[in-house]
Amino acid sequence: MKKHLELIAALVSGALILITYFSFHGTEAAPFLYTAAYLIGGFFKAKEGITETITERKLNVEMLMIFAAIGASFIGHWLEGALLIFIFALSGALETYTENRSSQELRALLTLQPDEATRIIAGGKERISIDQLRVEDRILVLPGERIPADGIILKGTTSIDESAITGEGIPVTKTEGHEVFASTVNSSAVLEIRVTKPANETLFQRIITMVQTAQEQKSPAQHFIERFEGPYVKTVLLLVLLVILVPPFITNWSFTESFYRAMILLVVASPCALVASVMPATLSAISKGARNGILVKGGSHLETLGQVKAVAFDKTGSLTIGKPSVTDFLIGKTAEASHVLEAAYAIQSQSSHPLAKAVAAYAHADSIKQAEQVTDTAGQGMNGIWQGQKWRIGKVSYMQNSADQELADQANSLAASGKSLVYIENENGLAGVFALQDTIRPEAKAAIRSLSKLGISTIMLTGDNDQTAKSIAKEAGITMYRSNCLPDEKVAEIKELENRYGTIAMVGDGINDAPALATAQVGIAMGNGTDAALETADMVLIKNDLRKLADAIKLSKRMRRIIKQNVIFSVAVIMLLILANISQYLGLPLGVVGHEGSTILVILNGLRLLR
């Protein structure tokens, strides 16, 4: 009820005007009833205007409306003054509605955040506020509960509903050692979790902070309108004074006619529609983006995005998934594939090295006994005994046997395409070769195609070697890439691209991408990126879906187009009404309807972005 109070007041004011006009118009009661309509409908805007004038010491549009309504009553046009207040109040209520809609996503997010957690203490457990949680605390999460903090699972295996974070509806299976995030839902088992981040630094809290920041920041267009408003209001008031005083001496207008025309000028020259041209559209666009997994930290960044001519992508974690996986498995002539895979899993499952984990994931087999006497030679590989045989797995230099020619040729071909090779042998000789590569994100190709259709060039910047960079760029559909880039070299490349193309966006996820994200006109972080990338970036693709980038650019272009439409329309209406007033073709009622009607129209036009 409270959030709709402004709209209710505007509607009551309108109802009071209708009752007065049809039942009491021309009676002694009419001025009192219209005054009541003034007070009820104009309270919120008058309070806003007077407060802003006092605190910021500058005149504003709201004060113009107050002066115009009072001026209309002075010359006996109570109905027109009341209509002015009513339509102005209605447009203000619509703007408030826009702001409420833009924060709807934030309110929805806040309802997902748990207030309390069950902390495990010596001799039992206690229920505490999440603000009391500290890093390294152990917490207990029951089935069906939302996880109260980011952490690592110490005990338990369950399915986690991460839709609040990633937008994906399919639960993810997690067990000991896996990371979990605040506000996700534990589906099926009791979990013991070690807290890794305080409540104000969780991934979920960062999302909320980003939405809040986006709502508070203003676009360049909005800053311009606000700077323009003060001098414009002063100019209008000066013109109104001149229209009251000058025409009776140089034209055949009477003082009453001059005052009447001045009041109309006060109404029609007020830049209400112009002021409302930007913010409702910007807030609607930010809200629309947040609903679709695109978090923008401010209207200025969203406005700039529509001007982007080229997008630079980091490779690892942005264009690619960010971890290696087996793409090819070659088997030696004398070996049996299933036997080799079982041996690989028996040894590699005992290592935490990324390549070993990738091989173990590929070779995974149930009910396989782990290898014995396993040793790990740093930077080379592992060896152990499995089913009575000695096995070695690792780099080619770690092997003791050479490959047959056919296997060697196939392996060299895979290495030439930028893939990492892991060899495996037993006492009988070289048994197989695993080829691994950080695989491209499934949606990356479609994302690059969408950007190309928008006329936007794409470039890949990576610290990886040239062969791998060439392979990934070709697969993604990117024609230009730079390999072996250190963080400062990525910054230099961004500056060079800026000189070549103009407005540049950078997509990254790592600490090493942060300088380039800050340098680009629009920095865009992947939702699963590091804290440094998320803090530095101007936008976040929270669902890690690169296809959303093209959607964000389209949204920005649409927002800019609507703002331009609003500005042109509002200025044209003001000029037309002023000319009609000077020519004595415009009465106060039409001036009120024309001016305030244009304000409502630009607000409704901005609201289209919510669809």
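Nothing fancy with the numbering, it's 1 onward along the sequence.
- When side chains are defined from C-beta on, K288 does not count as touching S284, because their heavy atoms never get closer than 4.5 Å.
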Next item on the list: Please step through side chain to side chain contact (heavy atoms under 4.5 Å, CB included) for the pair L555 and L609, ending with a clear verdict.
Entry: CA-CA 8 Å; L555 180 64; L609 286 166; 4.2 Å; yes

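- Remark: the backbone N or O of A435 is paired with a side-chain donor or acceptor of T327 at under 3.5 angstrom.
- Side-chain contact check for L302 versus T282: every heavy-atom pair is 4.5 Å or farther apart.
- Across all their heavy atoms, R441 and S318 have their closest contact at NE-O, 2.8 Å.
- In this structure, OG1 in T439 is found 3.5 Å from CD1 in I321, a value given to the nearest 0.5 Å.
- Using a 4.5 Å heavy-atom cutoff, the side chains of I459 and Y481 are not in contact.
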Item checked: Verdict with reasoning, F329 to V340, per side chain to side chain contact (heavy atoms under 4.5 Å, CB included) -> CA-CA 10 Å; F329 173 51; V340 174; 3.9 Å; yes

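- Residues L497 and A312 share a closest heavy-atom pair of CD1-CB, 4.2 Å.
- Within 6.0 Å of the CZ atom in R608, the count of heavy atoms belonging to other residues, nucleotides or ligands exceeds 12.
- No donor-acceptor pair under 3.5 Å is formed between the side chain of N605 and the backbone N or O of L601.
- Put simply, the side chain of I478 reaches to within 4.5 Å of the side chain of I448, judged on heavy atoms.
- Within the 4.5 Å cutoff, no side-chain heavy atoms of I393 are placed close to those of N383.
- In this structure a side-chain-to-backbone donor-acceptor pair under 3.5 Å is missing from K309 to I504.
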Margin query: With side chain to side chain donor-acceptor pair (under 3.5 Å) as the criterion, how do Q380 and S397 come out once you've worked through the C-alpha distance, each side chain's angles and the decisive distance to 0.1 Å?
Written below: CA-CA 8 Å; Q380 292 295 317; S397 58; 3.0 Å; yes

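- Side chain of D538 to main chain of G523: a donor-acceptor pair is present (N/O by atom type, distance under 3.5 Å, no hydrogens or angles).
- Using a 4.5 Å heavy-atom threshold, the side chains of I147 and V185 count as separate.
- For Q467, the side-chain contact (heavy atoms from CB on, under 4.5 Å) partners at least two apart in sequence or on another chain are N465.
- Relative ring orientation between H364 and Y345 is described as perpendicular, the plane-to-plane angle rising above 60° on a 0-90° scale split at 30° and 60°.
- Panel note: side chain N292, backbone I294; no donor-acceptor pair is recorded below 3.5 Å.
- Side-chain contact between V507 and D314 is absent, with no heavy-atom pair separated by less than 4.5 Å.
- With sequence neighbours excluded, the residues that form a side-chain contact (heavy atoms from CB on, under 4.5 Å) with T320 are K315, T316, D438, I472.
- Partner of V491 under the side chain to side chain contact (heavy atoms under 4.5 Å, CB included) criterion, chosen from L461, T519, L517: T519.
- Using modelled atom types, one side-chain atom of N544 and one backbone atom of G527 make a donor-acceptor pair closer than 3.5 Å.
- There is no side-chain donor-acceptor pair under 3.5 Å between S351 and K357.
- When atom types are taken as modelled, the side chain of S556 and the backbone of G306 share a donor-acceptor pair closer than 3.5 angstrom.
- Two residues are said to be in side-chain contact when any heavy atoms from C-beta on lie closer than 4.5 Å; L451 and I553 meet this criterion.
- Looking at E493 and R482, a side-chain N of the basic residue comes within less than 4.0 Å of a carboxylate O on the acidic one, giving a salt bridge.
- Judged purely by atom type and a 3.5 angstrom limit, S570 uses its side chain to pair as donor or acceptor with the backbone of N566.
- Distance check: M559 CE to I563 CD1 gives 4.5 Å after rounding to the nearest 0.5 Å.
- When each of I130, D137, I152 is checked for a side chain to side chain contact (heavy atoms under 4.5 Å, CB included) with V195, only D137 meets the rule.
- At least one donor-acceptor pair under 3.5 Å links the side chain of H178 to the backbone N or O of T175.
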Item checked: Steps toward side chain to side chain contact (heavy atoms under 4.5 Å, CB included) verdict (R392, M382) -> CA-CA 6 Å; R392 299 173 75 86; M382 301 173 68; over 6 Å; no

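- Closest heavy-atom contact between D466 and N484: N-ND2, 4.1 Å.
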